[in-house]
Amino acid sequence: MSKIYVGNLPWSTNNEKLELAFAEHGQITDHIVMSDRETGRSRGFGFVTFASAEEAEAAIAAKNDFELDGRRITVNMANPRPQQRGW
DNA sequence: GTTGAGCGTT
């Protein structure tokens, strides 16, 4: 399992579009676009988890600096979080 | 407009 960070997303990108954009590169086991919980507006970044590192790397190679809806998106391995539970 | 929400523990 390998998680990638997807940043610089257009506001128009939602969970569904994120999956559609990355499903072609491998088996996605999890995906989420982070949105501001109070405004409902996208924060402009999200995460996609692939079943294998090979697929994740393929997605990074294919989508990093890829123009989506007029924006060059950033794709790379996600930052490891300090703790698992987040609290 | 760039590295998580949500669960109240899994």
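Owing to the predicted nature of the structure, the values given are computational and were not obtained by experimental measurement. Naming: A, B, ... by sequence-line order, numbering from 1 per chain.
Using atom C1' as the reference point in both B:dG8 and B:dT3, the two lie 24 Å apart (nearest Å). When the P atom is used for both B:dC7 and B:dT2, the distance is 25 Å, rounded to whole Å.
With sequence neighbours excluded, no residue forms a side-chain hydrogen bond (donor to acceptor under 3.5 Å, both in side chains) with A:T29.
Under a hydrophobic-cluster definition in which Ile, Leu, Val, Met, Phe, Trp and Tyr are linked whenever side-chain heavy atoms come within less than 4.5 Å, directly or via other members, A:V33 and A:L68 are assigned to the same cluster.
Positionally, the nearest nucleotide of DNA chain B for A:G44 lies more toward the 5' end than for the other of A:M34 and A:G44. Mapping A:P80 and A:L9 onto DNA chain B by nearest heavy atom places A:L9 closer to the 5' end of the strand.
Nucleic acid contact for A:R43: sugar-phosphate only, since backbone atoms but no base atoms lie under 4.0 Å from a heavy atom of the residue. Here A:I73 lies out of heavy-atom contact (under 4.0 Å) with every strand. Base contact: A:R71 has a heavy atom under 4.0 Å from a base atom.
In this structure, A:F47 places its CZ atom 9 Å from P of B:dA5, rounding to the nearest Å. The distance from atom CG of A:N15 to atom P of B:dA5 is 13 Å, rounded to the nearest whole Å. Protein atom CD1 of A:I32 is 13 Å distant from nucleotide atom C1' of B:dT3, rounded to whole Å. Atom-to-atom, CG of A:N8 to P of B:dT3 comes out at 11 Å; the value is rounded to the nearest Å. Rounded to whole angstrom, the span from the CZ atom of A:R72 across to the C1' atom of B:dT2 amounts to 17 Å. Between A:D69 atom CG and B:dT2 atom P there is a gap of 18 Å when expressed in whole angstrom units. Between the P atom of B:dA5 and the CG atom of A:D30 lies a distance of 14 Å, rounded to the nearest Å. When rounded to the nearest whole Å, the span between CG of A:N79 and P of B:dT2 equals 15 Å.
Of the inter-residue distances, the one linking A:M34 atom CE with A:L9 atom CG reads 12.0 Å to the nearest 0.5 angstrom.
We find that the ring of A:Y5 and the base of B:dT3 stack, their centres lying under 5.5 angstrom apart and their planes tilted less than 30°.
In this structure, a donor-acceptor pair under 3.5 Å is present between the side chains of A:D69 and A:S12.
Side-chain atoms of A:N76 lie closest to B:dT3 of the nucleotides B:dA5, B:dT2, B:dT3.
Closest approach of A:S2 and A:A53 over heavy atoms only: CB-CA, 3.8 Å.
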